[in-house]
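Report on one structure; see the data block that follows.
Remember, predicted model here, so these are calculated numbers, not experimental data.
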Amino acid sequence: MGLLQKLLRPVLWVLFVALWSTPYTGSASVEEASALLKWKQTLQSANTSVLTTWILDPKNGSSSSASSPCNWFGVSCNAEGSVTRLNLMNSSVNGTLETFSCSSFANLAYVDLSMNELSGPIPPQISSLPLVYLNLSTNEFSGNIPPEIGLLAKLETLHLQQNHLNGSIPREIGQLKSLSELALYTNHLSGPIPSSLGNLSNLVSLYLYDNQLSGSIPEEMGNLSNIELVYMDSNSLTGPIASTFGNLERLIVLHLFNNKLSGSIPNTIGNLKALVNLSLHTNNLSGSIPQTLGDLTSLAQLHLYMNQLSGSIPNELGNLKFLVDLKLSDNQLSSSIPASFGNLSELTHLFLRVNNLSGPIPNEFRNLKNLIVLQMDGNQFSGNLPDICQGGKLQNFTAYTNQLTGRIPKSLRDCSSLVRVCLEGNQLTGSISEDFGVYPHLDYMDLSRNKFYGEISENWSKCPKLQSLWMGGNNITGTIPLELGDSAQLHRLDLSSNHLTGEIPTVLGKLSSLLELYLHDNQLSGGIPREIGSQTELEKLDLSMNTLSGPIGAGNLENCIKLNYLNLSNNNFSQEIPKPLGKLPHLDEIDLSRNSLTGEIPPEIASFKSLERLNLSHNNLSGLIPNVFEKMNWLVHVDISFNELEGPIPNSKAFMNATIQGLQGNKGLCGNVPGLQSCKNQMDRRTLVLVIVLPLGGVLLLVGAFVGLLILYDQRKRKSHVEDIFSISICRGRAMYSDILKATMNFDERYCIGKGGYGAVYKAKLPSENITVAVKKLHPLSEKDDRRGFLNEVRALTEIKHRNIVKLLGFCLHAQNSFLVYEYLKRGSLASILSSDREAEQLDWPKRVNIIKGVANALSYMHHGCTPPIVHRDISSKNVLIDEELEAHVSDFGTANF
């Protein structure tokens with residue numbers, strides 16, 4: 001036997017090694033494969049190739065070596081064939097984790113399901129996995145973070161950012177002693193930051209920004225001795241910055257901006273020698289800027305803007321030789337700029353705007369040869385401008401509303417890199433032609449309200465990217481140069497309040513992109529060129545306070561269909577007010593005062609659906625004031641003084657609220673306005689009809705409504721799916737109801753473009769009407785509770801009409817489907833635009849201001865132009881819709897008050 005054992009021993013050893021090295025595909029692998037397949041059955045993927053490899057051997061129903069889970073897409077295994085990694089990142093997977101059997105995976109350590117469309121809660125059973133890495137970011141997960149997540153003792157990376165998680169951060173996360181990365185940003189988390197996070201001794205990066213966290217920053221955060229990155233911005237954190245932050249000697253990035261932090265910046269911040277990026281902006285911090293910040297010699301970015309910091313800027317900041325980006329704007333800083341700033345040779349961005357700084361701009365600024373952006377507006381700087389463009393890199397320079405004097409320095413005149421310059425509201429002098437050069441990249445130039453003189457040079461037309469040119473309020477003479485007609489990109493041109501003479505050049509009609517034209521307060525003569533009427537994009541036109549003459553209609557202004565502001569006052573225009581002006585649907589304000597206009601006020605004025613202010617004073621208008629004013633509930637202010645008008649004033653809010661100053665100096669006006677004669681029992685036929693017809697009509701309406709409700713009630717008893725209330729103003733009644741169901745495949749999720757508090761919004765393309773509409777459908781479980789809100793919105797949107805309020809096309813209150821039909825606005829909500837970095841970058845400040853103005857116009861109309869007035873009660877970025885022309889439309893009137 002001993003000899004036999006010696007002979008068999010090598011053979012047995014070879015067999016043992018062979019068996020050991022063969023991948024194990026036994027019961028554990030089969031169980032894991034079955035668990036994955038069970039989960040797969042609940043998933044969908046827009047990428048059809050992603051999960052096609054997830055199949056079992058069709059012969060025996062089990063996992064073969066060819067089709068084992070180890071060979072499936074996104075699945076990795078260990079040597080024994082057990083699943084260790086699951087990576088479906090960015091695979092367009094849709095579903096939940098409810099059927100994912102966590103207990104089936106004994107070795108699953110790495111899970112990355114990020115950038116998909118997974119939803120539902122994070123299951124507490126996930127704590128049974130031996131996870132080292134968990135990434136569920138950029139999905140649609142909701143609910144609370146399960147406290148069981150604190151049982152993942154081996155977890156090193158936890159990424160749950162960019163979901164819809166709510167509730168508080170569980171204190172159990174503080175048990176994850178191995179954790180090095182924690183990312184919870186862009187969710188709906190609330191409550192305080194748990195002090196237990198101070199136990200995460202291995203934590204290197206912490207991302208908590210863009211939530212609704214509140215309370216003070218725990219002192220225990222100062223125990224994170226290995227922390228390098230801290231992002232807690234965009235929350236509602238309060239209280240002082242913990243002095244213990246000075247213990248974080250490895251910290252590289254500290255972001256606490258967009259909170260409500262108060263108190264002073266602790267001097268201990270100066271201990272963070274490794275700090276590269278410090279952002280404390282947009283808080284309520286007060287006190288002075290600590291001198292110890294000058295010890296942060298590695299600092300490249302320092303953002304302290306939009307606080308309440310006071311005192312002088314410390315000279316020590318000049319020690320930050322690696323500083324690239326310094327923003328101290330919107331504080332209460334005083335005194336002068338330290339000359340030591342000239343040592344910041346790497347500086348590219350310097351923001352000092354809106355403070356109380358004074359004195360000269362240091363000549364040492366000529367040493368800042370890498371400077372790209374310099375913003376100094378809203379201070380009290382004086383003296384001459386230094387040579388700030390010595391390096392030839394300056395692109396953005398704003399120093400408006402200061403007390404700067406002298407001529408433009410040669411370095412700025414020759415600075416070909418300039419993109420945006422704003423020097424408005426100073427006392428700068430010099431030649432408007434000789435002191436400025438040709439700028440190939442210039443987009444915006446504002447020289448308004450200074451003391452520049454001379455004639456406008458043709459060089460401005462050689463700036464091919466110029467969009468805004470503001471020169472109003474100077475001492476410029478001569479004529480408007482014909483070469484300006486070659487500035488094809490020009491959007492805004494302001495030459496007002498100068499001493500320009502001659503006629504308005506017809507070549508300005510070539511400026512097809514022009515949005516605003518201001519030529520008022522000059523000495524221009526002649527008429528309005530017909531070519532101005534070809535500018536279909538024009539929104540604002542002010543030609544007032546000149547010596548223009550002739551008929552207004554000669555300018556073809558009715559073709560400027562986007563015009564919302566028109567001021568032709570203080571000229572010599574004659575003849576009648578042109579009736580075609582009624583074709584301008586967006587006009588907010590018209591001022592034709594102090595001319596020589598004759599004839600009657602045309603009734604076509606009622607076509608101005610957005611008109612809020614009308615001034616026709618100091619003309620020769622005659623006749624009765626047309627009755628159409630009584631329909632113009634949106635009109636807020638009217639001035640018809642010093643004409644030859646007569647008869648009763650219209651019964652409208654604008655006239656009833658008018659002062660005698662806006663009505664005086666006419667031939668024989670009467671009405672119930674203090675200072676006017678009473679019309680004395682002169683009840684005209686129109687008033688008599690109203691007195692008789694309105695009560696009678698009200699009675700008939702009530703009777704009809706009662707009979708209609710009885711009929712509807714009877715119909716509903718006999719057939720539950722018949723409409724309760726149905727009105728589609730664009731179409732064909734019940735047939736349109738069917739078309740909407742067909743267009744949305746009975747409100748299938750694929751047509752859903754948004755969800756709100758009591759309904760979802762669907763996009764419906766109706767071929768029969770050649771129109772695309774947005775349909776808001778009530779949640780079935782909310783119909784009874786939200787019927788009041790539904791009818792509230794119908795009432796509001798059928799009684800008001802304004803270009804900045806979303807247009808209701810129809811509605812249906814139905815036993816099965818209740819919905820509202822609106823015009824479809826392609827760009828969606830302002831909230832969705834701002835949440836997209838790409839779209840938000842395209843929304844520059846002029847466009848944002850235009851959106852704000854649109855919302856303000858809508859609110860002004862609701863508060864002052866409606867009877868009864870309407871209070872929206874839910875204005876937010878998600879309820880402001882944007883059309884293709886970036887015009888704002890207020891929506892969602894479900895909670896409005898009348």
Side-chain angles (χ1 to χ4, degrees), residues 544-545 565-570 576-577 587-695 799-802 856-857 859-871 897-898:
S544 62
M545 300 178 68
Y565 176 82
L566 175 62
N567 193 342
L568 303 178
S569 64
N570 288 274
E576 297 181 346
I577 300 173
L587 269 175
D588 295 330
E589 182 173 349
I590 306 175
D591 192 345
L592 305 179
S593 63
R594 299 184 182 275
N595 280 288
S596 302
L597 300 174
T598 58
E600 297 183 346
I601 300 174
E604 286 79 5
I605 205 163
S607 301
F608 298 129
K609 298 300 182 183
S610 301
L611 189 63
E612 296 179 0
R613 303 181 68 85
L614 173 65
N615 192 343
L616 303 176
S617 65
H618 294 272
N619 279 287
N620 299 314
L621 301 173
S622 59
L624 299 174
I625 302 173
N627 296 336
V628 294
F629 278 104
E630 297 185 358
K631 300 178 182 179
M632 299 174 66
N633 293 327
W634 49 89
L635 189 63
V636 175
H637 174 82
V638 64
D639 188 346
I640 56 170
S641 60
F642 297 99
N643 281 284
E644 298 179 17
L645 300 168
E646 55 186 320
I649 62 172
N651 185 22
S652 70
K653 185 174 69 173
F655 281 90
M656 293 297 101
N657 294 338
T659 63
I660 188 60
Q661 286 77 16
L663 303 172
Q664 66 184 342
N666 277 285
K667 188 174 183 180
L669 292 178
C670 64
N672 297 323
V673 172
L676 283 186
Q677 292 184 352
S678 171
C679 293
K680 290 183 181 179
N681 302 323
Q682 295 178 6
M683 182 176 292
D684 58 14
R685 184 179 302 171
R686 174 164 48 93
T687 306
L688 186 60
V689 169
L690 290 174
V691 169
I692 296 174
V693 171
L694 282 180
E799 292 186 3
I800 60 180
K801 181 180 288 187
H802 191 275
N857 285 338
L859 292 176
S860 176
Y861 168 69
M862 286 189 286
H863 295 174
H864 305 290
C866 296
T867 306
I870 297 174
V871 181
N897 269 356
F898 291 82

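Contact detail for Pro650 and Pro626: the closest heavy-atom pair is CG-O, 4.1 Å. Residues Asn619 and Arg594 share a closest heavy-atom pair of ND2-N, 3.9 Å. Contact between Asn666 and Leu663 at its shortest, heavy atoms only, is ND2-O, 2.9 Å. In terms of heavy-atom proximity, Asn620 sits nearest to Asn643 at N-OD1, 3.4 Å. Across every non-hydrogen atom of Glu612 and Asn857, the tightest pair is OE2-O, 3.8 Å. Contact between Pro674 and Ile660 at its shortest, heavy atoms only, is O-CB, 3.6 Å.
Tyr861 is not listed as a side-chain neighbour of Leu859, based on a closest heavy-atom distance of 4.5 Å or more. At least one side-chain heavy atom of Ser641 sits under 4.5 Å from a side-chain heavy atom of Gln664.
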Contacts under 3.5 angstrom, residues 597-607 side chains, donor-acceptor by atom type, not counting sequence neighbours:
from, atom 1, to, atom 2, distance (Å)
Ser607, OG, Glu604, O, 3.1

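Residue pairs that meet the ring-ring contact (aromatic ring centres under 6.0 Å, His included) test with at least one member in residues 643-671, sequence neighbours left out, are Phe629-Phe655.
The side-chain hydrogen bond (donor to acceptor under 3.5 Å, both in side chains) test applied to Thr659 returns Gln661, not counting sequence neighbours. Every residue two or more places apart in sequence or in another chain was checked for a ring pair (Phe, Tyr, Trp, His ring centres under 6.0 Å) with Phe608, and none qualifies. In this structure, the side-chain contact (heavy atoms from CB on, under 4.5 Å) partners of Leu624, at least two apart in sequence or on a different chain, are Glu646. Applying the ring pair (Phe, Tyr, Trp, His ring centres under 6.0 Å) criterion to Phe642, with sequence neighbours excluded, gives His618. Evaluation of the side-chain hydrogen bond (donor to acceptor under 3.5 Å, both in side chains) rule for Glu644 yields no partner, not counting sequence neighbours. For the side-chain contact (heavy atoms from CB on, under 4.5 Å) test, residues two or more places apart in sequence or in another chain that qualify with Asn615 are Asp591, Ser593, Ser617, Asp639. Taking Asp588 as the reference, Arg803 meet the side-chain hydrogen bond (donor to acceptor under 3.5 Å, both in side chains) condition, with sequence neighbours excluded.
Note: Ser652 OG to Asn657 CG = 8.5 Å, rounded to the nearest 0.5 Å. Residue Ile649 holds its CD1 atom at 7.5 Å from CD1 of Ile640, rounded to the nearest 0.5 Å. Interatomic distance, CZ of Arg613 versus CG of Leu635, reported as 9.5 Å (0.5 Å rounding). Here the CD1 atom belonging to Ile625 is positioned 5.0 Å from the CG atom belonging to Leu669, to the nearest 0.5 angstrom. Atom CD of residue Gln677 and atom CG of residue Asn672 lie 12.5 Å apart, to the nearest 0.5 angstrom. Distance check: Glu589 CD to Ser610 OG gives 13.0 Å after rounding to the nearest 0.5 Å.
In terms of modelled atom types and a separation under 3.5 Å, the side chain of Asn595 and the main chain of Leu568 share a donor-acceptor contact.
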Taking it one step at a time, do Met656 and Asn651 satisfy side chain to side chain contact (heavy atoms under 4.5 Å, CB included)?
-> CA-CA 7 Å; Met656 293 297 101; Asn651 185 22; 4.0 Å; yes
